[in-house]
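Note that ligands are numbered from 1 as they come in the structure, with each ligand's atoms numbered from 1 the same way.
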Amino acid sequence: MPVNLRGRSVLSLKDFTPEEIRYLLNLSKDLKEKKRAGVRGELLERKNICLIFEKTSTRTRCAFEVAAFDEGANVTFLTNSQMGKKESIEDTARVLGRYYDGIEFRGFEQNTVEELAKYAGVPVWNGLTDMYHPTQILADFLTIMEHVNKPLNKVKFVYAGDARNNMGNSLMIGAAKMGMHFVALAPKSLWPSEELVDAMKAVAKETGAVLEFSEDIEAVDGADVIYTDVWVSMGEEHLFEERIKMLKPYQVNMDMVKKTNNPDVIFMHCLPAFHDLKTEVGIQIQAEHGIPEMEVTDEVFRSKHSVVFDEAENRMHTIKAIMVATIGNL
Ligand code: CP
Ligand code: NVA
């Protein structure tokens, strides 16, 4: 069946079929090759795009902007609007939908991005909420396709750390859809919600995915990918002490990498990462908790296993694919 994503919002990969996800990954690959070949893009010519950010960002904002510019679109970066303060989300969506062809939203509540999508009348793309980070997953899977010499449905993917945050949730959804062997390696209290797990187990039945939940580090055995994310996500900064205690045993270090028994295992992280003392937060954590690295050691981060900057580059190609597929002049 041909895939047609025109006019669709991207709020979570839960709403997409494996075929549609595969289509976006293949389109990303084509757009990456096109850029490398220096071909001028016109697929978003005359489109206007609004980028709403309640939370901070480096990759997502820049990836949306560069992707838009590459294909001829214009962007507005909106970080101090009336939305939610003096004007409802519904009214804001109705206004922005009159100006723009597509709207990206990064912020706290999943409900906000859903409300925007309900009323804007144009595609809305989730650039991260507390619950989900769907555009990141496409970049991650494209990176796996480039670095792991196996089809996605043969890949063993271990996510170590806070498995119930936006990344843990979204990676589990993506893995279930693509038929992967997904392991959430985390203390039980940080596993994804029962509701989401049950929904994804139903998806896994269809796709052949295996979803595993473990507190035991030995579960990394045979992994093709070890993935981690920050232990404390944006908006949870009061939880550092508790999370450091809970997640220290799940730090991605060379011992964990060796336990995979796979010399070709790749290390992934959506970034930003706390792997050294070159950040304000890193220095503060070292002063207060006495640890120089958190979710990943500097050794692993800089090792031959690490593909984190390829992953960061792929944010741009995959976000471009989402915009082209949903609002582009195809
Ligand atoms: N990975 C990611 O979303 O990065 P930013 O927070 O810099 O956008
Ligand atoms: N879980 C992280 C992801 C950052 C890209 C956060 O929400 O802060």
Q. Using heavy atoms and a threshold below 4.0 Å, how should the contact between Asp162 and ligand 2 be classified: side chain, backbone, both, or neither?
A. neither
Q | For His133, atoms of ligand 1 separated by under 4.0 Å from a heavy atom | A | 2 (C), 3 (O)
Q: For Ser233, counting its heavy atoms only, list the atoms of ligand 2 lying under 4.0 Å from any of them.
A: 1 (N), 2 (C), 6 (C), 7 (O), 8 (O)
Q: Verify the distance criterion only: is there a donor paired with an acceptor across the side chains of Gln110 and Thr129 at less than 3.5 Å?
A: yes
(Q) So is Val232 touching ligand 2 or not, going by heavy atoms under 4.0 Å? (A) no
Q. Can you check whether Pro272 has an N/O within less than 3.5 Å of an N/O in ligand 1?
A. no
Q.
Can you tell me which residue among Lys14, Arg8, Lys177 is in a salt bridge (charged side-chain N to carboxylate O under 4.0 Å, His left out) with Glu20?
A. Arg8
Q: Any atoms of ligand 2 less than 4.0 Å from a non-hydrogen atom of Asn165? List them with their elements.
A: 1 (N)
Q. Touching ligand 1 at all, Leu128? Heavy atoms, strictly under 4.0 Å?
A. no
Q) Identify the closest protein heavy atom to atom 4 (C) of ligand 2: which residue and atom is it, and at what distance? A) Leu128 CD1, 3.8 Å
Q.
If we count only N and O atoms by modelled type, under 3.5 Å, do the side chains of Asp229 and His269 hold a donor and an acceptor together?
A. no
**Q.** Distance filter under 4.0 Å to Thr58 heavy atoms, resulting ligand 1 atoms
**A.** 5 (P), 7 (O), 8 (O)
Q. Relative to the heavy atoms of Leu271, which atoms of ligand 2 are at a distance of less than 4.0 Å?
A. 5 (C)
Q) For atom 6 (O) of ligand 1, what is the nearest protein heavy atom, given as residue, atom name and distance? A) Arg106 NH1, 2.8 Å
**Q.** Residue, atom name and distance, where the atom is the protein heavy atom closest to atom 4 (O) of ligand 1
**A.** Arg59 NE, 2.8 Å
Q) Looking at Met178 and Ile21, what are the two nearest heavy atoms and their distance? A) SD-CG2, 3.7 Å
Q | Nearest neighbour in protein (non-hydrogen) for atom 8 (O) of ligand 2 | A | Met234 N, 2.8 Å
Q | Nearest non-hydrogen protein atom, atom 7 (O) of ligand 2 | A | Asn166 ND2, 2.9 Å
(Q) In this structure, does ligand 1 have an atom that sits under 4.0 Å from one of the heavy atoms of Arg61? (A) no
Let me check something: any side-chain donor-acceptor pairs from residues 182-198 under 3.5 Å, sequence neighbours excluded? List them with distances.
residue, atom, partner, partner atom, Å
Trp191, NE1, Ala186, O, 2.7
Ser193, OG, Leu196, N, 3.2

Q) Does a donor on one side chain sit under 3.5 Å from an acceptor on the other, for His289 and Glu241? A) no
Q) Can you find an N/O atom of His133 closer than 3.5 Å to an N/O atom of ligand 2? A) no
Q.
As a quick check of understanding, evaluate ring pair (Phe, Tyr, Trp, His ring centres under 6.0 Å) for His275 and Phe301, giving each step before the final call.
A. CA-CA 7 Å; His275 61 95; Phe301 189 88; 3.6 Å; yes
Q. If we only count heavy atoms from C-beta on, is the Lys34 to Lys29 side-chain gap below 4.5 Å?
A. no
Q) Is it true that Asp130 and Lys55 have a side-chain N and a carboxylate O under 4.0 angstrom from each other? A) yes
**Q.** Between Tyr100 and Thr76, a side-chain donor and acceptor under 3.5 Å
**A.** yes
Q: Say whether Lys55 and ligand 1 are in contact under the criterion: heavy-atom distance to a ligand atom below 4.0 Å.
A: no
Q.
To check your reading of the model: name the closest protein heavy atom to atom 2 (C) of ligand 1, its residue, and the distance in Å.
A. Arg315 NH1, 3.2 Å
List the atom pairs, donor and acceptor, that lie under 3.5 Å between side-chain atoms in residues 319-330 and the rest of the protein, sequence neighbours left out.
residue, atom, partner, partner atom, Å
Lys320, NZ, Asp70, OD2, 2.9
Thr326, OG1, Trp125, NE1, 3.1
Thr326, OG1, Ile322, O, 2.7
Asn329, ND2, Glu42, O, 3.2
Asn329, ND2, Leu43, O, 3.2

Q) Counting heavy atoms not belonging to Lys248, are there more than 12 under 6.0 Å from its NZ? A) no
**Q.** Residue, atom name and distance, where the atom is the protein heavy atom closest to atom 3 (C) of ligand 2
**A.** Asp229 OD2, 3.6 Å
